[in-house]
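Beneath this line is the structure, given in structure tokens, with notes to follow.
Not measured: the values here are computed from a predicted model.
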Amino acid sequence: MHECGLCNGWGETERSCPRCEGTMKDQGRVTDFFDEYSPYLDLTCTDLVDGDVDSSVQNECVHLFVCGSCGLQDIQTT
């Protein structure tokens with residue numbers, strides 16, 4: 001079973017912004033933003049609708065990163 005370092009608190013939560021080289025911070029799993037119940041749904045179900053076709057097959061976790069400088073929102077797999 002795959003464990004996401006960001007979801008479990010031991011992964012790198014900051015990345016470099018591709019637009020301005022500022023700092024992008026992890027905002028959580030992309031599927032957690034669908035509605036108020038999304039964070040409580042089974043991950044095997046939410047991986048099917050996270051926007052990444054291969055995330056459920058490749059055991060990837062899809063997170064939203066936001067740049068504090070320019071406001072760029074970027075979805076990245078971990």
Side-chain angles (χ1 to χ4, degrees):
M1 180 176 168
H2 170 73
E3 292 182 3
C4 174
L6 295 176
C7 289
N8 288 294
W10 48 265
E12 185 66 38
T13 60
E14 295 181 351
R15 298 191 176 173
S16 179
C17 177
R19 182 189 295 165
C20 73
E21 299 300 320
T23 302
M24 298 188 84
K25 295 191 182 221
D26 175 41
Q27 302 300 306
R29 288 176 49 90
V30 118
T31 54
D32 289 351
F33 294 96
F34 288 163
D35 63 30
E36 63 271 9
Y37 297 107
S38 295
Y40 307 105
L41 296 175
D42 185 56
L43 298 180
T44 56
C45 295
T46 57
D47 280 351
L48 299 174
V49 295
D50 62 11
D52 184 352
V53 179
D54 295 328
S55 67
S56 59
V57 177
Q58 300 293 330
N59 288 322
E60 296 173 326
C61 197
V62 183
H63 282 252
L64 173 66
F65 285 82
V66 177
C67 179
S69 299
C70 70
L72 176 70
Q73 297 181 4
D74 191 22
I75 296 172
Q76 301 179 7
T77 58
T78 62

Query raised in the report: Which distance, rounded to the nearest 0.5 Å, do you find between the CZ of R19 and the CE of M24?
Result: 8.5 Å
Requested in this report: Could you list all the salt bridge (Lys or Arg N to Asp or Glu O under 4.0 Å) pairs where at least one residue sits in residues 24-34, not counting sequence neighbours?
Outcome: E14-K25, R29-D47
**Report entry** Residues that S38 engages under side chain to side chain donor-acceptor pair (under 3.5 Å), provided they are two or more places apart
**Finding:** D35
Please set out all donor-acceptor pairs under 3.5 angstrom arising from side-chain atoms of residues 64-76, sequence neighbours excluded.
residue	atom	partner	partner atom	Å
D74	OD2	Q76	NE2	2.8
Q76	OE1	R15	NH1	2.4

